[in-house]
Amino acid sequence: MALRFYNTLTRQEEEFVPLNTGEVRLYTCGPTVYDYAHIGNFRTYLWEDLLRRYLQHRGYRVTQAMNLTDVDDKTIANAREAGLTLADYTRKYIEAFFEDVAALGIEKAEHYPRATAYIPEMARLVRRLQEKAHVYESRGSLYFKISTFPGYGRLSRVDPAAGAGQARIDSDEYEKDNPRDFAVWKAPKDDEPYWDTEIGRGRPGWHIECSAMSMKLLGETFDIHTGGVDNIFPHHENEIAQSEAATGKPFVRYWLHAAHLIVDGEKMSKSKGNFFTLRDLAARGHDMRALRYMLLSVHYRKPLNFTVEGLSQAGAALGRLDDLALRLEAATPSLTTGGGDLAVKAEKVLQGMTDALDADLNTAGALGHLFDLVRETHSAVDAGRFGERDLMATRGVLRAFETIFGIRPGQRADLDTDIEALIRKRAEARARKDFAAADRIRDELLGRGVILEDTPQGVRWKRK
RNA sequence: GGCGGCGUAGCCAAGCGGUAAGGCAGAGGUCUGCAAAACCUCGAUACAUCGGUUCGAUUCCGAUCGCCGCCUCCA
């Protein structure tokens, strides 16, 4: 089966064929570093991580770029408020972003271009647009004239001829010819950072950043560009206009967009008090692995309703995978030869998972197949129908889950030596049938977050 | 107002023309010193509502209701 993605450009699921065989160039819209990223942002970043991992699993070499927008209205305003230079202010949130990325187990992209490091490239792109008469000046700023780009609106399906809706009626942006024309270069102001470039002094517009950096790092036509649905218009529409107007080439072949995360059924917002950063959740003791599992278990194009109950359900589901992995870690096959029924099942499950993920990254479908195998594996081990081949095959499926979903089943912190000593003491107590003493030790360990399970093969432990 | 998405058991969530995967929670049982874990059994005359197309619709079409989003440099 072929890998297929839903392409926003065509509003259809299409077979994925990269420009160069075996290689995928991927641009994922990253954070504006004016504050901590919230879990809605990470829903998107996590899905992009899955996309990257799955492409790799399918044998593609991936080159990914994720921008860090470190100059825009908000970063400038917040830096001023904090009494810091723009660079000092954004550094803090760039560092925080990478801490969060690490906490969630997101693979690093090949490139994290900062907007302020690509100003000359942006100016050059604007220059090209000027040369082709796509840009006009107004009050010292440069605007892209959308009427000069016939394909405008193809991605978002907005009608460039129609007015921009009632929302902007009272805006004072009357210096534009058309309300939907957008700034590619902003006039310098005394109290704002600015750069001297070949097109003069000023700072870049938001959209030009992504066009300039993506084309510089990935080429003027590349394979996949992603972001949240809110980016479809105006950001990505404008990127297409600028890039294709400048180069005369198709900009991006596949546009993929993730639906939003909502909290308790409502849009997340600071005023509603339902706004969570990763740090908020970690501080409340929530498990980042469970969060990762939860955010990945819902198909990326469906709205995801985040609730604390949902997070704990995700933790419980993940716990089942952990339990299986721990059991397999300790397992000795009951049949050194023979068995093999489960190995056959495992092959089918792996195929089922691949088919599901091939179909526009259907993670929920893939997990359904995985849990079929979980149940049947336990069943086979219980029944003693479990051979060497079965063990290998089952471990193989768990490894595939680990590389694709970025979650390692059975992962646990190491035991302290004094906890190990307690576990041994309890085993001795049980051996002499001193169950009262054994239970005391078990309770004590539970209080320290260690759960014990007595199995025919001996004591197993895991962290709560 | 324009454009787009979503509505499946208590909760989460696949499926998208042939009669409802999976997870969590719950009930009963097996196993266990007791637990835990695991396994077995049990759950939607039914997929928001109402029409239509069809031999047949959760799946296609239309309408209605509800929710979410974009149209303002919010993933």
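Throughout, a chain's letter reflects where its sequence line sits, starting with A, and its residues are numbered from 1.
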For [X] and [N], give me the distance from atom [atom1] to atom [atom2], rounded to whole Å.
X        : N     : atom1 : atom2 : result
A:Arg430 : B:U32 : CZ    : P     : 12 Å
A:Ile232 : B:C74 : CD1   : P     : 16 Å
A:Phe371 : B:C39 : CZ    : P     : 11 Å
A:Lys462 : B:A35 : NZ    : C1'   : 13 Å
A:Leu318 : B:C12 : CG    : C1'   : 15 Å
A:Tyr300 : B:A75 : OH    : P     : 19 Å
A:Ile262 : B:G5  : CD1   : C1'   : 12 Å
A:His207 : B:A75 : NE2   : C1'   : 15 Å

Under 4.0 Å, counting only non-hydrogen atoms across every strand here, what does [X] touch: a base, just sugar-phosphate, or nothing?
X        : value
A:Asn362 : sugar-phosphate
A:Val298 : sugar-phosphate
A:Phe233 : sugar-phosphate
A:Leu261 : base
A:His260 : base
A:Leu370 : nothing
A:Asp439 : base
A:Arg327 : sugar-phosphate
A:His299 : sugar-phosphate
A:Arg426 : base
A:Lys433 : nothing
A:Asp73  : base
A:Gly227 : sugar-phosphate

Next on the checklist: Between A:Phe251 and A:Phe222, is the ring centroid distance below 6.0 Å?
Outcome noted: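 Here the rings of A:Phe222 and A:Phe251 have centres that are less than 6.0 Å from each other.
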Item to check | Close aromatic pair by centroid cut-off 6.0 Å: A:Tyr93 and A:Tyr36 | outcome: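 They qualify: ring centres under 6.0 Å apart.
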side-chain N/O [X] vs [N] OP1/OP2, d < 4.0 Å:
X        : N     : result
A:Lys302 : B:G7  : yes
A:Arg157 : B:C71 : no
A:Arg320 : B:C24 : yes

Item to check | Among B:G22, B:A38, B:A75, the one nearest A:Asp372 by side-chain distance | outcome: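 Taking heavy atoms from C-beta onward, the closest nucleotide is B:G22.
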Next on the checklist: From the set B:C71, B:A38, B:C74, return the single nucleotide nearest to any side-chain atom of A:Arg180.
Outcome noted: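 Of all the options, the side chain of A:Arg180 is nearest to B:C71.
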Once you apply the 3.5 Å cut-off to both distances, tell me the Watson-Crick or G-U wobble partner of [N], or none.
N     : answer
B:C16 : none
B:G56 : none
B:C50 : B:G62
B:C42 : B:G26
B:G1  : B:C71

Checklist entry - Which residue lies toward the 5' end of RNA chain B, A:Glu453 or A:Ala258, if each is placed at its nearest nucleotide? => result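 Mapping each residue to its closest nucleotide by heavy atoms, the 5'-most match is A:Glu453.
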Next on the checklist: Assuming nearest nucleotide by heavy-atom distance, tell me which of A:Glu309 and A:Leu367 is located more 5' along RNA chain B.
Outcome noted: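 So the residue in question is A:Glu309.
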[atom1] gap between [N] and [M], integer Å:
N     : M     : atom1 : value
B:A57 : B:G66 : P     : 28 Å
B:U19 : B:C70 : P     : 40 Å
B:A27 : B:G18 : C1'   : 34 Å
B:C6  : B:G62 : P     : 14 Å
B:A44 : B:G10 : P     : 11 Å
B:U45 : B:G28 : C1'   : 25 Å
B:A9  : B:G26 : C1'   : 13 Å

Checklist entry - Do the rings of A:His236 and A:Trp255 sit parallel, tilted or perpendicular, given the 30° and 60° boundaries? => result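 Tilted.
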Checklist entry - Cationic tip of A:Arg301 within the cone over A:Tyr6's six-membered ring, i.e. under 6.0 Å and within 45° of the normal? => result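 Yes, A:Arg301 sits over the ring of A:Tyr6.
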Checklist entry - Between A:Asp360 and A:His299, which heavy-atom pair has the shortest distance, and what is it? => result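 Residues A:Asp360 and A:His299, closest heavy atoms: O-CE1, 2.8 Å.
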Next on the checklist: Quick check: closest heavy atoms across A:Ser297 and A:Leu367, and the distance to 0.1 Å?
Outcome noted: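 Minimum heavy-atom contact is CB-CD1, 3.7 Å.
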Checklist entry - A:His38 and ring-ring contact (aromatic ring centres under 6.0 Å, His included): which partner among A:Phe97, A:Phe275, A:Phe306, A:Phe276? => result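 Of the listed residues A:Phe97, A:Phe275, A:Phe306, A:Phe276, the ring-ring contact (aromatic ring centres under 6.0 Å, His included) partner of A:His38 is A:Phe275.
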Next on the checklist: Let's test your reading of the model: under 3.5 Å, does the base of B:C11 pair with the side chain of A:Gln313 as donor and acceptor?
Outcome noted: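 Present.
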